[in-house]
**Student:** 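For reference, the structure I am asking about is given below.
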Amino acid sequence: MKFDGLWIDMNEPSSFVHGTVDGPCLGNPLLENPPYMPPLESKNLGLNHKTLCMNSEHILSNGKRVRHYDVHNIYGWSHTQPTYDALQAVTEKRGVVVTRSTYPSSGKWAGHWLGDNTSSWNQLLASIIGMMEFSLFGISYTGADICGFFNAAEYEMCLRWMQLGAFYPYSRNHNGKGNRRQDPVSWDTTFAEASRDVLNIRYTLLPYLYTLMYEAHAKGSTVVRPLLHE
């Protein structure tokens, strides 16, 4: 089967088990519950919430053994270049890789979507902030799931999101399994025509977008940028 790119998902690494199926994580409990916890969903649940035990062992390519606690934030990053190199070796073309877990410099090899968002107005707004932040991290090929991943999308919100998302560097309408369709032709003709109009504008601007991408690659500039960058 021919393909042009690879999409790496759940590589935080994400797990539907908290730590281990064999019971509580062993070893130093401070690894799972350090004195300072970031204000995440897991703040009161421990660092192994929806991922590995922090004392899990990784064996690096040089044979060195390291704790997951010390490499969690770069676990997804470590997939990125090998995946890109493999893609080019197999297809003998430039190709594209998109990854969910990133770290500064991931943008050299891959793009990024902003993860599992929800179908809500505040998430539409947050996508703009997220892309600007990832631009600062050197990851220029970014975008959110247009119209949201979780929950059913509302008509006007989804239409406005299509009109915004047409200008994302990475523009993709995508939602979760089990939700009703939200792609442009699943609504009425007004929705489809408005989406077609704004996507045609996107296509006319592709030379400009490609120029910004080249400058980001060559000079370290940004593609989605706040006014302060000007």
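Below, all heavy atoms of this structure are taken into account, side chains as well, without hydrogens, waters or symmetry copies. In this text the structure is predicted, and so the values were computed from the model without any measurement.
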**Student:** Show me the donor-acceptor pairs, under 3.5 Å and distance only, between side chains in residues 78-89 and residues at least two apart or in other chains.
**Tutor:**
from  : atom 1 : to    : atom 2 : distance (Å)
Ser78 : OG     : Tyr75 : O      : 2.6
Thr80 : OG1    : Gly76 : O      : 3.2
Thr80 : OG1    : Trp77 : O      : 3.2
Thr83 : OG1    : His79 : O      : 2.7
Tyr84 : OH     : Gln88 : NE2    : 3.0

**Student:** Is there a donor-acceptor contact under 3.5 Å from the side chain of Asp183 to the main chain of Asn173?
**Tutor:** no

**Student:** Could you go through Asn73 and Tyr103, starting from their C-alpha distance and side-chain angles, then the distance that decides it, and tell me whether this counts as side chain to side chain contact (heavy atoms under 4.5 Å, CB included)?
**Tutor:** CA-CA 7 Å; Asn73 286 347; Tyr103 198 75; 4.1 Å; yes

**Student:** One pair to check against side chain to side chain contact (heavy atoms under 4.5 Å, CB included): Trp113 and Thr142. What are the steps and the verdict?
**Tutor:** CA-CA 5 Å; Trp113 87 105; Thr142 58; over 6 Å; no

**Student:** Counting only N and O atoms by type, is there a donor-acceptor contact under 3.5 Å from the side chain of Asp4 to the main-chain atoms of Gly95?
**Tutor:** no

**Student:** Can you tell me how far the CZ atom of Arg196 sits from the CG atom of Asn200, to the nearest 0.5 Å?
**Tutor:** 8.0 Å

**Student:** Within a reach of under 6.0 Å around NZ of Lys108, are more than 12 heavy atoms found that belong to other residues, nucleotides or ligands?
**Tutor:** no

**Student:** At what distance, to the nearest 0.5 angstrom, does CZ of Phe137 lie from OG1 of Thr102?
**Tutor:** 8.0 Å

**Student:** Do Leu209 and Tyr203 belong together in a cluster built from hydrophobic side chains that touch within less than 4.5 Å?
**Tutor:** yes

**Student:** Output yes when a side-chain donor or acceptor of Arg202 lies under 3.5 Å from a complementary backbone atom of Tyr168, and no otherwise.
**Tutor:** yes

**Student:** Centroid separation under 6.0 Å, is that true for the rings of Trp121 and Trp161?
**Tutor:** no

**Student:** Kindly say whether Asn151 contributes a backbone atom to a donor-acceptor pair with the side chain of Ser119 at under 3.5 angstrom?
**Tutor:** yes

**Student:** Test your reading of the model: is there a side-chain donor-acceptor pair from Ser171 to the backbone of Gly165, 3.5 Å cut-off?
**Tutor:** yes

**Student:** For the residue pair His174 and Trp7, categorise the inter-ring angle as parallel (less than 30°), tilted (30 to 60°) or perpendicular (more than 60°).
**Tutor:** perpendicular

**Student:** How close do Ile139 and Gly107 get, heavy atom to heavy atom, and via which atoms?
**Tutor:** CG1-N, 3.6 Å

**Student:** Check whether any side-chain heavy atom of Glu154 sits under 4.5 Å from a side-chain heavy atom of Glu156, and report yes or no.
**Tutor:** yes

**Student:** Looking at Leu52, is its backbone amide N or carbonyl O close enough to the side chain of Ser56 to form a donor-acceptor pair, meaning the two atoms are under 3.5 Å apart?
**Tutor:** no

**Student:** Tell me the closest heavy-atom pair linking Val224 and Met132, and the distance in Å.
**Tutor:** CG1-CG, 4.1 Å

**Student:** Determine whether Leu212 and Ile128 fall in the same hydrophobic cluster, where Ile, Leu, Val, Met, Phe, Trp and Tyr are linked whenever their side-chain heavy atoms lie under 4.5 Å apart.
**Tutor:** no

**Student:** Using modelled atom types only, decide if a donor and an acceptor are shared between the side chain of Asp188 and the backbone of Phe191 within a distance under 3.5 Å.
**Tutor:** yes

**Student:** If I compare all heavy atoms of Ile146 with all of Gln182, which pair ends up nearest, and what's the gap?
**Tutor:** O-NE2, 3.1 Å

**Student:** Roughly how far apart are Ser140 OG and Phe134 CZ, rounded to 0.5 Å?
**Tutor:** 12.0 Å

**Student:** Donor-acceptor pair, distance only, cut-off 3.5 Å: does the side chain of Arg180 make one with the backbone of Ala153?
**Tutor:** yes

**Student:** A side-chain contact here means heavy atoms from C-beta on lying under 4.5 Å apart; do Asn179 and Phe149 qualify?
**Tutor:** no

**Student:** Just verifying a value: how many Å separate Glu215 CD and Ser221 OG, rounded to the nearest 0.5 Å?
**Tutor:** 5.5 Å

**Student:** I'd like to know if the side chain of Arg225 reaches the main chain of Thr222, judged simply by a donor and an acceptor atom lying under 3.5 Å from each other, with no hydrogens or angles considered.
**Tutor:** yes

**Student:** Between Arg160 and Gln163, is a side chain to side chain contact (heavy atoms under 4.5 Å, CB included) present by the stated rule, with each step listed?
**Tutor:** CA-CA 5 Å; Arg160 295 302 185 192; Gln163 292 171 323; 3.1 Å; yes

**Student:** Which atom names give the shortest non-hydrogen contact between Gly63 and Ile59, and what distance separates them?
**Tutor:** O-CG2, 4.1 Å

**Student:** So with a 6.0 Å cut-off around NE2 of His229, is the heavy-atom count from everything else above 12?
**Tutor:** yes

**Student:** Are Tyr141 and His112 near enough that their ring centres are under 6.0 Å apart?
**Tutor:** no

**Student:** Please answer whether the main-chain N or O of Arg100 pairs with a side-chain N or O of Asp9 as donor and acceptor at a distance below 3.5 Å.
**Tutor:** no

**Student:** Following the transitive rule for hydrophobic clusters with a side-chain heavy-atom cut-off under 4.5 Å over Ile, Leu, Val, Met, Phe, Trp and Tyr, establish whether Trp109 and Ile74 coincide in one cluster.
**Tutor:** yes

**Student:** Can you hop from Val98 to Met213 via hydrophobic side chains spaced under 4.5 Å?
**Tutor:** yes

**Student:** Does OH belonging to Tyr155 count more than 12 external heavy atoms closer than 6.0 Å?
**Tutor:** yes

**Student:** Search all heavy atoms of His68 against all heavy atoms of Cys53 and return the closest pair with its distance.
**Tutor:** CB-O, 3.7 Å

**Student:** When you compare the side chains of Thr99 and Asn11, does any donor N or O come within less than 3.5 Å of an acceptor on the partner?
**Tutor:** yes

**Student:** Are Tyr210 and Tyr208 connected into the same hydrophobic cluster when the rule is that any two of I, L, V, M, F, W, Y join if their side-chain heavy atoms are below 4.5 Å apart?
**Tutor:** yes

**Student:** Sequence neighbours excluded and cut-off under 3.5 Å, please list the side-chain donor-acceptor pairs for residues 13-34, or say none.
**Tutor:**
from  : atom 1 : to    : atom 2 : distance (Å)
Ser15 : OG     : Val17 : N      : 3.0
Ser15 : OG     : Val17 : O      : 3.1
His18 : ND1    : His49 : ND1    : 3.4
His18 : ND1    : Lys50 : N      : 3.0
Thr20 : OG1    : Asp22 : N      : 3.1
Asn28 : OD1    : Leu30 : N      : 2.9
Glu32 : OE1    : Asn48 : ND2    : 2.9
Glu32 : OE1    : Met54 : N      : 3.4
Glu32 : OE2    : Met54 : N      : 2.9

**Student:** So, taking the atom named CD in Glu230 and the one named CG in Leu227, what distance separates them when rounded to the nearest 0.5 Å?
**Tutor:** 7.5 Å

**Student:** So with a 6.0 Å cut-off around CD of Glu92, is the heavy-atom count from everything else above 12?
**Tutor:** no

**Student:** State, to 0.1 Å, how close Phe3 and Thr91 come at their nearest heavy-atom pair, and which atoms those are.
**Tutor:** O-CG2, 3.9 Å

**Student:** Calculate, to the nearest 0.5 Å, the distance between atoms CG and CG belonging to Leu125 and Leu164 respectively.
**Tutor:** 9.5 Å

**Student:** Tell me whether Leu228 at atom CG has more than 12 heavy atoms from other residues, nucleotides or ligands lying less than 6.0 Å away.
**Tutor:** yes

